[in-house]
J.: 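Before anything else, here's the structure in question.
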Amino acid sequence: MLLRAAIEQRYPQTFPRMVAMRERLVEVCQAFVDGGFGDGNAAQRLCSADDGIYWQQLSEVLFAHQLTRVGIGFAHQQAGPDFRIDRVGRRIWIEVITPTAANIPAEWLAPAGNGVRDFPHEAILLRWTAAIKQKAEVLLGNPHLAVPGYLARGMVGADDAYVIAINGRLLRGFDGVFDALNGISQFPFAVEATFAVGPLQVRINRETLEAGAPEHQQRYLIRKPAGLPVPADTFLDQRFAPISAIWATDIDEFSLLERIPRMAVVHNPGAANPVSPQLLPAQDEYLAREIDEQNYQLDRVDGSLPGKAVDEVVVG
């Protein structure tokens, strides 16, 4: 009853679609809690009035729902990553995070009216890189602070796959008209954060003034408003080989009404324990194949959900 009351208070609107979503949300959240798929405080967090706390927990519910929807069974342990999948002799761990909107301009998150606005793509990308860094440290530990990670503590085995699931919902702008999945490169932020893919550019020949073909910049560092730049090449760095993939989306409550959200899986070409393509639900998957010692070709291919895939980019 407390969970129902909290959700009804958060979503008080009475138009039919909202009522239908609210009822479905209560049902799915209660099943998640009753099934023991969250930590002991999961119900308390779903009842929180704090958006950050609520969405961190709700994202676990929504990712779990997507797994259930495609028939992937999973378990939850009180200590360790959020979900465990045992499939075809491979153990796969999934750790969920929802980046908060720190340093995202208010005019993007809650625009006052219509008109042209800047797309704060670097600020949003920094939230994606911060989320990846945080969950990488949970796995690998922080040697500077002498804090061991899941691997050192034996919670994740040396032969286990580890996937970071990121929900960009809180980074969405324009009253939800634009989602927070794709960046300025037109690839997902998860690609930009792991393969150093930057904006499109056109090179101009200074002598002939002829324009070359459009190409993506290689952007290994992201500038911060203060402090040192942040790396954006996680999957080009062998220190992160224990991370198998990023499962990226911008998913909200209305996905429970059978509206399938856009999802992408970005695979680590140097993963010690890769996950198979089309295992996790997504429309698009990104797979890198080595061209030479210094370059990969990153291909976007069809995932297990309906969608069209045509893009490729060279990274290195």
Side-chain angles (χ1 to χ4, degrees), residues 1-88 90-100 131 135 138 150 153 155-156 160-170 247-261 263 275 279-282 304-305:
M1 295 302 294
L2 290 177
L3 179 58
R4 170 176 286 278
I7 289 176
E8 289 179 346
Q9 184 175 6
R10 178 173 280 274
Y11 305 100
Q13 298 87 344
T14 58
F15 56 90
R17 183 167 171 79
M18 182 63 76
V19 172
M21 182 280 292
R22 187 171 61 224
E23 289 302 309
R24 180 66 172 144
L25 182 60
V26 170
E27 176 187 354
V28 171
C29 286
Q30 193 65 61
F32 181 89
V33 172
D34 293 344
F37 296 123
D39 292 338
N41 63 348
Q44 179 183 353
R45 290 168 64 83
L46 288 168
C47 292
S48 176
D50 182 282
D51 280 350
I53 295 173
Y54 172 74
W55 273 101
Q56 292 293 338
Q57 186 59 63
L58 183 62
S59 289
E60 292 183 29
V61 175
L62 297 177
F63 274 112
H65 178 70
Q66 293 302 314
L67 292 174
T68 300
R69 192 179 58 79
V70 296
I72 297 177
F74 58 90
H76 172 77
Q77 296 178 185
Q78 292 301 311
D82 296 308
F83 305 125
R84 189 194 79 224
I85 298 172
D86 295 307
R87 199 172 182 88
V88 195
R90 166 60 58 83
R91 176 156 290 179
I92 302 166
W93 298 96
I94 298 178
E95 182 78 351
V96 178
I97 185 170
T98 305
T100 61
K135 292 307 182 181
V138 169
Y150 289 149
R153 288 184 284 169
M155 296 177 178
V156 172
D160 296 348
Y162 180 85
V163 176
I164 301 174
I166 303 178
N167 181 10
R169 167 64 180 81
L170 295 180
W247 183 17
T249 189
D250 175 345
I251 188 172
D252 64 19
E253 315 92 321
F254 287 94
S255 66
L256 300 177
L257 296 181
E258 304 310 321
R259 180 178 64 79
I260 301 175
M263 293 181 283
V275 293
L279 170 65
L280 297 170
S304 59
L305 299 180

J.: Roughly how far, to the nearest 0.5 Å, is the CZ atom of Arg17 from the CG atom of Leu257?
T.: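 If we round to the nearest 0.5 Å, Leu257:CG and Arg17:CZ are 5.0 Å apart.
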J.: Salt bridge check: are Arg169 and Asp250 linked by an N-O gap of less than 4.0 Å?
T.: no
J.: Tabulate below the donor-acceptor pairs under 3.5 Å that side-chain atoms of residues 36-47 make, not counting sequence neighbours, or state none.
T.:
{"residue": "Asp39", "atom": "OD1", "partner": "His76", "partner atom": "NE2", "Å": "2.9"}
{"residue": "Arg45", "atom": "NE", "partner": "Gln57", "partner atom": "OE1", "Å": "3.3"}

J.: Do the side chains of Val70 and Leu280 get nearer than 4.5 Å, heavy atoms only?
T.: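 Leu280 vs Val70: side chains apart.
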J.: Rounded to the nearest 0.5 Å, how far apart are CD of Gln66 and CZ of Arg69?
T.: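 Between atom CD of Gln66 and atom CZ of Arg69 there are 4.5 Å.
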J.: Is a side-chain donor or acceptor of Ser59 paired with a backbone partner of Gln56 at a separation under 3.5 angstrom?
T.: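 Answer holds: no.
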J.: Which distance, rounded to the nearest 0.5 Å, do you find between the CD1 of Ile72 and the CG of Leu279?
T.: 5.0 Å
J.: List the steps, then state whether side-chain contact (heavy atoms from CB on, under 4.5 Å) holds for Glu60 with Phe32.
T.: CA-CA 9 Å; Glu60 292 183 29; Phe32 181 89; 4.0 Å; yes
J.: Is a donor on one side and an acceptor on the other found under 3.5 Å between the side chain of Arg22 and the backbone of Arg10?
T.: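 No: the side chain of Arg22 does not pair with the backbone of Arg10.
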J.: For Ile92 and Phe74, run side-chain contact (heavy atoms from CB on, under 4.5 Å): C-alpha distance rounded to whole Å, both residues' side-chain angles, the deciding distance at 0.1 Å, then the answer.
T.: CA-CA 9 Å; Ile92 302 166; Phe74 58 90; over 6 Å; no
J.: Which heavy-atom pair separates Asp50 from Ile53 by the least distance, and what is that distance?
T.: OD1-N, 2.9 Å
J.: Walk me through whether Tyr11 and Leu25 qualify under side-chain contact (heavy atoms from CB on, under 4.5 Å).
T.: CA-CA 10 Å; Tyr11 305 100; Leu25 182 60; 3.4 Å; yes
J.: When rounded to the nearest 0.5 angstrom, what is the spacing between CD1 in Ile166 and CD1 in Ile97?
T.: 7.0 Å
J.: Do any N or O atoms from the side chain of Trp247 and from the backbone of Pro281 form a donor-acceptor pair under 3.5 angstrom?
T.: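 Between the backbone of Pro281 and the side chain of Trp247 there is a qualifying donor-acceptor contact (under 3.5 Å).
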J.: List in chain and number order the residues that pass salt bridge (Lys or Arg N to Asp or Glu O under 4.0 Å) with Glu95, two or more places apart in sequence or in another chain; answer none if no residue qualifies.
T.: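 Counting only residues at least two positions away or on another chain, Glu95 forms a salt bridge (Lys or Arg N to Asp or Glu O under 4.0 Å) with Lys135.
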J.: Any sub-3.5 Å donor-acceptor pair from Asn167's side-chain atoms to Thr98's backbone N or O?
T.: no
J.: How many angstroms lie between atom CE of Met21 and atom CZ of Arg259, to the nearest 0.5 angstrom?
T.: 10.5 Å
J.: Under the criterion side-chain contact (heavy atoms from CB on, under 4.5 Å), I'd like the reasoning laid out for Leu67 against Ile85: C-alpha separation, chi angles, the key distance, then a yes or no.
T.: CA-CA 10 Å; Leu67 292 174; Ile85 298 172; 4.3 Å; yes
J.: Please determine whether a side-chain nitrogen of the Lys or Arg among Asp160 and Arg84 lies less than 4.0 Å from a carboxylate oxygen of the Asp or Glu.
T.: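 Between Arg84 and Asp160 there is no salt bridge, as every charged N stays at least 4.0 Å from the carboxylate O atoms.
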J.: Which value, rounded to the nearest 0.5 Å, describes the distance between Tyr162 atom OH and Met155 atom CE?
T.: 11.5 Å
J.: Output yes when Arg4 and Glu23 qualify as a salt bridge under the 4.0 Å nitrogen-oxygen rule, no when they do not.
T.: yes
J.: State, with a plain yes or no, whether a side-chain heavy atom of Met18 is found less than 4.5 Å away from one of Phe254.
T.: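 Heavy-atom side-chain distance check passes, below 4.5 Å.
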J.: Within a radius of less than 6.0 Å around CD of Gln9, do more than 12 heavy atoms belonging to other residues, nucleotides or ligands occur?
T.: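 Not buried by this count: 12 neighbours or fewer within 6.0 Å.
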